[in-house]
J.: 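Quick one: structure below, then a few questions.
We use all heavy atoms of the structure for the numbers below, so side chains are in, but hydrogens, waters and symmetry mates are not.
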Amino acid sequence: MLQYLIIILDDASTSFCHYKQSSKERKLIPIETLRKGIRFGMMENLTIQCVYPDSELPTEYREVIESIDHSKIKPFPHNTPSIGNYSTDVLVLNGFSDIDTIDEPVVLRVNKQDLFNNKDKVVELLAKTPRLNVVMMDVETFKEEDFDKYKAFLQDVSKAMEKMYADGKSPQLNLLTDRLMLKEMNNCGAGETNITLAPNGKFYICPAFYYEDEDDYVGDLENGLDIKNKQLYKLKYAPVCRHCDAYQCKRCVWLNRKTTLEVNTPSHEQCVVAHLERNASRELMNNNRKHGTFLLEQEEITKIDYLDPFENREKWQQENL
């Protein structure tokens, strides 16, 4: 069931996920298209999320957007002198260059090597922001040696977070703390719980599908949504994911299609990365409980002997007999 409408306000709007924003040229969504998109969202009782470019919107656009409840997703304001005056719900950073003045929820987009090399800066961000979401832009390129580096990175950051918790702080990092709180899958939801409206007035499964191929749309404002085989975006129809308990995995359907040609089947790389995070979350929970009653109401995260759930398929098949 749809819950969210993501509106890309400009072709130069920031990316907040794995995909690359392929255009730096400004091309604002036509104001009438914006109005119709907001009307569609209101008629469908959807929560609206607006994705902004790194430039000021015209007054008329701001007035239309502010006429309804919405969330703002904005890039770090390189053109704005004071971040304190930069109203946003989610701030997107591309790399570590702008972390000195951060004090709000952040999406950090970074490649794997920069992440491995900058664990101290990740810890610094955790001390400043109420929530940090890390998105690795090249997760599909992981090799075996990268898995080892990522495991070490998670362990180091986990130790720093353990100390923060012992000091009475409550850092949030999607890679480690989301799994602690979840009892079921909390995936991206593209094509199932959220849909994207692009500046051309057409709907897409998510912004990545628009930037990759404008012809890959799933309806428009005039005729409504037309998602082919829409059941495939549901967890129930994901043969690997429906058996998995790496609940924090975003199960990116765009990466799925890019790497396995199936929107409901993740790549080996996505699965192993998610399970390294799951196992590190288990270790963080157990270590924090040494200091007190840390999340005792939450279920234990059980120990597993695999990193790719596909390796466990024989057990699932036996259970389904």
J.: Kindly state each residue pair satisfying side chain to side chain donor-acceptor pair (under 3.5 Å) with at least one member in residues 38-49, sequence neighbours excluded.
T.: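 Listed once each, the pairs would be none.
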
J.: Determine the interplanar angle of the Tyr19 and Phe16 rings, folded into 0 to 90°, and report it as parallel if under 30°, tilted if 30 to 60°, perpendicular if over 60°.
T.: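 The rings of Tyr19 and Phe16 stand perpendicular, inter-plane angle above 60°.
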
J.: When you measure from the side chain of Asp103 to the backbone N and O of Lys128, does any donor-acceptor pair fall under 3.5 Å?
T.: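 Checking the backbone N and O of Lys128 against the side chain of Asp103, no donor-acceptor pair under 3.5 Å is found.
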
J.: Kindly give the heavy-atom pair with the smallest separation between Lys250 and Asn187, and that separation in Å.
T.: O-CB, 3.7 Å

J.: Under 3.5 Å, side chain of Thr260 to main-chain N/O of Pro266, donor-acceptor pair present?
T.: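 No; zero donor-acceptor contacts below 3.5 Å.
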
J.: Is Lys112 close enough and on-axis enough to Phe142, meaning under 6.0 Å and within 45°, for cation-pi?
T.: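 Verdict for Phe142: a cation-pi partner in Lys112.
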
J.: Any chance the rings of Phe203 and Phe40 have centres within less than 6.0 Å?
T.: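 Yes - the distance between ring centres of Phe203 and Phe40 falls below the 6.0 Å cut-off.
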
J.: Heavy atoms only: give me the nearest Val110-Phe96 pair and the separation to one decimal.
T.: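 Closest approach of Val110 to Phe96, heavy atoms only: CG2-CE1, 3.7 Å.
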
J.: Counting N and O atoms only, with roles assigned by atom type, does the side chain of Arg278 sit under 3.5 Å from a partner on the main chain of Tyr247, one being a donor and the other an acceptor?
T.: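 No, the answer is negative, given that no donor and acceptor are paired below the 3.5 Å cut-off.
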
J.: Restricting to non-hydrogen atoms, name the atom on Thr141 and the atom on Asp138 that form the minimum distance, rounded to 0.1 Å.
T.: OG1-O, 2.7 Å

J.: Taking His243 for the side chain and Cys241 for the main chain, is one N or O donor matched with an acceptor at less than 3.5 Å?
T.: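 Such a contact is absent between His243 side chain and Cys241 backbone.
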
J.: Check whether the side chains of Gln248 and Glu277 place a donor and an acceptor atom closer than 3.5 Å, and report yes or no.
T.: yes

J.: Between Gln21 and Ser13, which heavy-atom pair has the shortest distance, and what is it?
T.: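 Here Gln21 and Ser13 meet closest at NE2-O, 3.0 Å.
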
J.: Is it true that Glu32 and Arg35 have a side-chain N and a carboxylate O under 4.0 angstrom from each other?
T.: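 The answer is yes: the pair qualifies as a salt bridge.
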
J.: In plain terms, say whether Arg179 and Asp245 are close enough for a salt bridge, that is, a side-chain N and a carboxylate O under 4.0 Å apart.
T.: yes

J.: Less than 4.0 angstrom from a charged side-chain N to a carboxylate O is my criterion; do Lys258 and Glu212 meet it?
T.: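 Not counted as a salt bridge, because no side-chain N and carboxylate O are separated by less than 4.0 Å.
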
J.: Counting only N and O atoms by type, is there a donor-acceptor contact under 3.5 Å from the side chain of Asn133 to the main-chain atoms of Leu173?
T.: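 Not at all, since once roles are kept as given, no pair shorter than 3.5 Å links the two residues.
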
J.: Determine yes or no for a side-chain-to-main-chain donor-acceptor pair under 3.5 angstrom, with Ser15 supplying the side chain and Lys20 the backbone.
T.: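 Pair absent, no side-chain N/O of Ser15 close to backbone of Lys20.
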
J.: Closest approach of Tyr233 and Lys228, non-hydrogen atoms and distance?
T.: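 Answer, listing the atom of Tyr233 first, then Lys228: CE1-O, 4.2 Å.
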
J.: Minimum heavy-atom separation for Asn264 and Pro239, please, with both atom names.
T.: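 Scanning both residues completely, I find the closest heavy atoms to be ND2-CD, 3.8 Å.
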
J.: Look at the aromatic rings of Tyr217 and Tyr204 and report parallel, tilted or perpendicular, splitting at 30° and 60°.
T.: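 Plane angle over 60°, so perpendicular.
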
J.: Can you check whether Tyr306 and His275 have ring centres sitting under 6.0 Å from each other?
T.: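 Judged by ring-centre distance (under 6.0 Å), Tyr306 and His275 do meet the cut-off.
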
J.: What I want to check is whether the side chains of Asp114 and Asn117 have a donor and an acceptor closer together than 3.5 Å.
T.: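 Absent: no donor and acceptor within the cut-off.
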
J.: Does the ring of Phe116 carry Lys149 above it, NZ/CZ under 6.0 angstrom from centre and within 45° of its axis?
T.: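 Verdict for Phe116: no cation-pi partner in Lys149.
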
J.: Distance-only, no hydrogens or angles: does the Asp10 side chain make a donor-acceptor pair with backbone N or O of Pro53 under 3.5 Å?
T.: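 No.
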
J.: Taking 4.0 angstrom as the limit, do Asp11 and Arg26 come out as a salt bridge?
T.: no

J.: Can you list the residues that meet the side-chain hydrogen bond (donor to acceptor under 3.5 Å, both in side chains) rule with Asp216, with sequence neighbours excluded?
T.: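 Checked Asp216 against side-chain hydrogen bond (donor to acceptor under 3.5 Å, both in side chains); matches are Arg257.
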
J.: Using 4.0 Å as the upper bound for N to carboxylate O, is an ion pair formed by Lys36 and Glu222?
T.: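 Here Glu222 pairs with Lys36 in a salt bridge, since their nearest N and O are under 4.0 Å apart.
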
J.: When you look at NZ of Lys151, are more than 12 heavy atoms from neighbouring residues, nucleotides or ligands closer to it than 6.0 Å?
T.: no

J.: Okay, side chain of Asn200, backbone of Lys202: is any donor-acceptor separation there less than 3.5 Å?
T.: yes

J.: Do Glu269 and Ser267 pair up side chain to side chain, a donor and an acceptor below 3.5 Å, judged on atom types alone?
T.: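 Ser267 and Glu269 do have a side-chain donor-acceptor pair below 3.5 Å.
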
J.: Looking at Glu184, I'd like to know if its CD atom is crowded, meaning that more than 12 non-hydrogen atoms belonging to other residues, nucleotides or ligands lie closer than 6.0 Å.
T.: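 Not buried by this count: 12 neighbours or fewer within 6.0 Å.
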
